[in-house]
Amino acid sequence: MTTSILITGGAGYIGSHTLLEFLAAGYRPIVVDNFGNSSPEVLRRVEKLAGAPVRWHEGDIRDAQLLDSLFEQARRDGAPVDCVVHFAGLKAVGDSVAEPLEYYDNNVHGSIVLLKAMDRAQVKRIVFSSSATVYGEPVSLPYTESHRLAPANPYGQTKAMVETILADWCQAGAGRTAVNLRYFNPIGAHPSGTIGEAPRGRPNNLFPYITQVAVGKREKLSIFGRDYPTVDGTGVRDYLHVSDLAVGHVKAVEYAQATPGWVAFNLGTGRGTSVLELVHTFEAVTGKKVPYEFLDRRPGDLAGMWADPSAANEKLGWRATRTVEDMCRDGWCWQSGNPDGYV
Ligand code: NAD
Ligand code: UDP
């Protein structure tokens, strides 16, 4: 039987790269996005890259009627939704501290509305965008999936809560499947430079800040902290290429189709890179200078964190293949060709 995949938040940074991978793998994706942090232009670019039309609907996952109509339409088209890939949500840690209710409403309430609509439509599979931030202060590194969960901010709490809700949802109904993907730090862009990360306003994250400095939109990078117990005193993260992360979702849907129940997988490379190492690699790959200054540590930041990705390697048959050099080259190709993002 032909089936469809519903992608919530499919116009976003990770969602758009994943949409492309699903199209390339022959799936029938349907996107729902409220364009709160993206625009339909992203989907037009994905269509061009894929050489195929994209089915998409503007709307909010908290709109139960809209979700019912999407599931119903897919059924009437002869390709009912088999699995939901759930990206839609808010993701800025700082904003989540300032506006916690917005985060709980969008990320937690939104996921409940979605699950209820899935129940009504008898859709039993979901792949959820979780985050390494659910682990909090590391007890040991690399994080394995059994590391205790202790999120340190409302954003991380929403991810841990949705994971718990999904565990209870799976427990309550036969054949239900939830694959929770705990992403480490996705950076870079599709190698074509056609789609990429387009943060609104001042970037919160390191990599888009670096590319905006390199393209001349920002004067210099502020490096938060130089006295961490790391290789050079700056914070260490597990950066992975967004296209590798996108492929992980195709693998997760294949896994969900074969294996019922709740499961969590780390998606990372297993390697840590410091802020200075990333800056220097970016400079070497692109030939662009990135001026920087050192500031105090950013409150709430961890010194270092990286993944043990062996469960995803073994059970999903997924492995990150692209290097930090690839991430820098592709991220720069996107930023230099699109200095103002999708505008
Ligand atoms: P993004 O903001 O680029 O994409 C999210 C998309 O969801 C946007 O297109 C936005 O318009 C849409 N959206 C938000 N709320 C919605 C709602 N209520 N209804 C419909 N659409 C809605 O973010 P991203 O970086 O692509 O992240 C995708 C997911 O992955 C998020 O859930 C995020 O928390 C998670 N995640 C991201 C990272 C990262 O570093 N980017 C790391 C770990 C986890
Ligand atoms: N960072 C930095 N300057 C910035 C943004 C981030 O020095 O403008 C550092 C931050 O302190 C951390 C690393 O870069 O050590 C990655 O930060 P990011 O916000 O990208 O990811 P997260 O901290 O959420 O893992």
Side-chain angles (χ1 to χ4, degrees), residues 7-19 31-40 42-43 56-63 66-67 85-94 96 102-103 105-107 109-111 113-114 128-134 152-153 155-156 158-159 162 180-187 196-200 202-210 212-213 218 220-226 228 230 233-240 242 245-246 249 267-268 272-276 278-279 292-306:
I7 306 185
T8 75
Y13 171 47
I14 306 169
S16 56
H17 288 78
T18 303
L19 171 63
V31 170
V32 59
D33 201 301
N34 65 6
F35 299 122
N37 197 34
S38 56
S39 80
V42 183
L43 302 173
W56 60 270
H57 302 268
E58 179 168 1
D60 198 291
I61 56 160
R62 289 163 293 184
D63 180 346
L66 169 75
L67 295 179
V85 182
H86 179 29
F87 295 100
L90 303 175
K91 63 167 181 174
V93 170
S96 82
E102 280 309 309
Y103 273 69
D105 187 51
N106 203 330
N107 296 6
H109 171 63
S111 297
V113 174
L114 175 64
F128 173 58
S129 296
S130 188
S131 167
T133 190
V134 295
N153 51 65
Y155 167 69
T158 67
K159 293 294 176 190
V162 174
N180 298 269
L181 299 179
R182 296 177 180 159
Y183 311 156
F184 280 70
N185 290 61
I187 61 170
E197 187 170 16
R200 295 187 173 168
R202 182 173 284 270
N204 295 307
N205 297 111
L206 176 62
F207 190 75
Y209 212 104
I210 290 175
Q212 290 199 5
V213 170
R218 315 252 163 220
K220 56 178 177 237
L221 173 70
S222 301
I223 297 183
F224 303 135
R226 63 187 308 183
Y228 285 112
T230 61
T234 64
V236 167
R237 296 292 183 273
D238 183 339
Y239 298 99
L240 82 158
V242 65
L245 180 58
H249 292 77
L267 295 188
T273 302
S274 75
V275 174
L276 279 176
L278 186 62
V279 169
Y292 58 79
E293 63 178 349
F294 288 104
L295 295 188
D296 287 346
R297 293 180 179 193
R298 187 169 64 177
D301 258 359
L302 299 174
M305 57 132 132
W306 56 94

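Heavy-atom basis, side chains included; hydrogens, waters and symmetry copies ignored. Counting from 1, the numbers follow the sequence of the chain as shown. Every number for a ligand or one of its atoms is a count from 1 in the order of the listing.
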S.K.: When rounded to the nearest 0.5 angstrom, what distance separates OG in S129 from CD1 in I14?
M.R.: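 Going from OG on S129 over to CD1 on I14, the span is 6.0 Å.
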S.K.: So if I count the atoms of ligand 1 from 1 in the order they appear, which ones are less than 4.0 Å from some heavy atom of F35?
M.R.: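 Contacts of ligand 1 toward F35, numbered from 1: 11 (O).
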S.K.: Hey, which atoms in ligand 1 end up nearer than 4.0 Å to a heavy atom of S129?
M.R.: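 So the atoms of ligand 1 that pass are 29 (C), 30 (O), 32 (O), 35 (C).
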S.K.: Who's the nearest protein heavy-atom neighbour of atom 3 (O) of ligand 1, and how far?
M.R.: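 Minimum-distance protein heavy atom for atom 3 (O) of ligand 1 reads Y13 N, 2.8 Å.
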S.K.: Any idea which part of N106 is under 4.0 Å from ligand 1, heavy-atom wise: side chain, backbone, both or neither?
M.R.: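 Only the side chain of N106 comes within reach of ligand 1.
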S.K.: Tell me every residue that passes salt bridge (Lys or Arg N to Asp or Glu O under 4.0 Å) with D63, counting only those two or more places apart in sequence or in another chain.
M.R.: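 Expected list: none.
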S.K.: Under 4.0 Å from a heavy atom of A11: give me the atoms of ligand 1 that qualify, with their elements.
M.R.: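 Once the distances to A11 are compared, the set is 9 (O).
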S.K.: What residue and heavy atom of the protein are closest to atom 21 (N) of ligand 1, and at what distance?
M.R.: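 For this ligand atom, the closest protein heavy atom is N34 N, 3.1 Å.
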S.K.: Please could you name the atoms of ligand 1 that G59 approaches to less than 4.0 Å, counting only its heavy atoms?
M.R.: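 Within the 4.0 Å cut-off of G59, ligand 1 contributes 19 (N), 20 (C).
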S.K.: Say whether D60 and ligand 1 are in contact under the criterion: heavy-atom distance to a ligand atom below 4.0 Å.
M.R.: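 It does; at least one heavy atom falls under 4.0 Å.
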S.K.: If we only count N/O pairs under 3.5 Å, is D33 in contact with ligand 1?
M.R.: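 Yes.
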S.K.: Could an N or O of ligand 1 be found under 3.5 Å from any N or O of G12, whether backbone or side chain?
M.R.: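 Between G12 and ligand 1 (N or O atoms, distance only) the closest approach is under 3.5 Å.
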S.K.: Does E197 have a non-hydrogen atom less than 4.0 Å from ligand 1?
M.R.: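 It does not; every heavy atom stays at 4.0 Å or beyond.
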S.K.: Please determine whether any non-hydrogen atom of G110 lies less than 4.0 Å from an atom of ligand 1.
M.R.: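 No heavy atom of G110 comes that close to ligand 1.
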S.K.: Considering heavy atoms of the protein only, find what lies nearest to atom 7 (O) of ligand 1 and give residue, atom and distance to 0.1 Å.
M.R.: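 Of every protein heavy atom, G9 CA, 3.3 Å lies nearest to atom 7 (O) of ligand 1.
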S.K.: Give the single entry among F87, F128, Y155 that approaches atom 35 (C) of ligand 1 most closely by any heavy atom.
M.R.: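 Considering heavy atoms of F87, F128, Y155, the nearest to atom 35 (C) of ligand 1 sits in Y155.
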S.K.: Considering only non-hydrogen protein atoms, determine which one is nearest to atom 37 (C) of ligand 1 and report residue, atom name and distance to 0.1 Å.
M.R.: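 Result: I14 CD1, 3.7 Å.
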S.K.: Among all the protein's non-hydrogen atoms, which is closest to atom 5 (C) of ligand 1, and how far away is it?
M.R.: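 Heavy-atom neighbour on the protein nearest atom 5 (C) of ligand 1: G89 O, 4.0 Å.
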S.K.: Name the option, out of H86, K91, R62, that contains the heavy atom nearest to atom 23 (O) of ligand 1.
M.R.: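 Nearest heavy atom to atom 23 (O) of ligand 1 lies in K91.
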S.K.: Counting only nitrogen or oxygen atoms and a 3.5 angstrom limit, does G36 reach ligand 1?
M.R.: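 Min N/O separation from ligand 1 is below 3.5 Å for G36.
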S.K.: From Y103 OH over to T158 OG1, what is the distance, rounded to the nearest 0.5 angstrom?
M.R.: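 Separation between the atoms: 8.5 Å.
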S.K.: Which residue and atom name correspond to the protein heavy atom nearest atom 1 (P) of ligand 1, and how close is it?
M.R.: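 The answer is N37 ND2, 3.8 Å.
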S.K.: Less than 3.5 Å between some nitrogen or oxygen of I61 and one of ligand 1, yes or no?
M.R.: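 I61 vs ligand 1: N/O contact under 3.5 Å present.
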S.K.: Are any of the N/O atoms on S130, whether in the backbone or the side chain, positioned under 3.5 angstrom from an N/O atom of ligand 1?
M.R.: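 There is no such contact.
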S.K.: Do me a favour and list the nearest non-hydrogen protein atom to atom 39 (C) of ligand 1 with residue, atom name and distance?
M.R.: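 Protein heavy atom at minimum distance: P186 CG, 3.7 Å.
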S.K.: Can G10 be said to touch ligand 1, with heavy atoms closer than 4.0 Å?
M.R.: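 So G10 does not count as touching ligand 1.
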S.K.: Can you pull the residues with any heavy atom under 4.0 Å from ligand 2?
M.R.: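 Within the 4.0 Å shell of ligand 2, which is judged on heavy atoms, sit N185, N204, N205, L206, L221, S222, I223, F224, G235, R237, Y239, V275, R298, D301.
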S.K.: Before you tell me yes or no, could you show the steps for H249 and Y183 under ring pair (Phe, Tyr, Trp, His ring centres under 6.0 Å), namely the whole-Å CA-CA distance, both residues' side-chain angles and the distance that decides it to 0.1 Å?
M.R.: CA-CA 11 Å; H249 292 77; Y183 311 156; 5.4 Å; yes
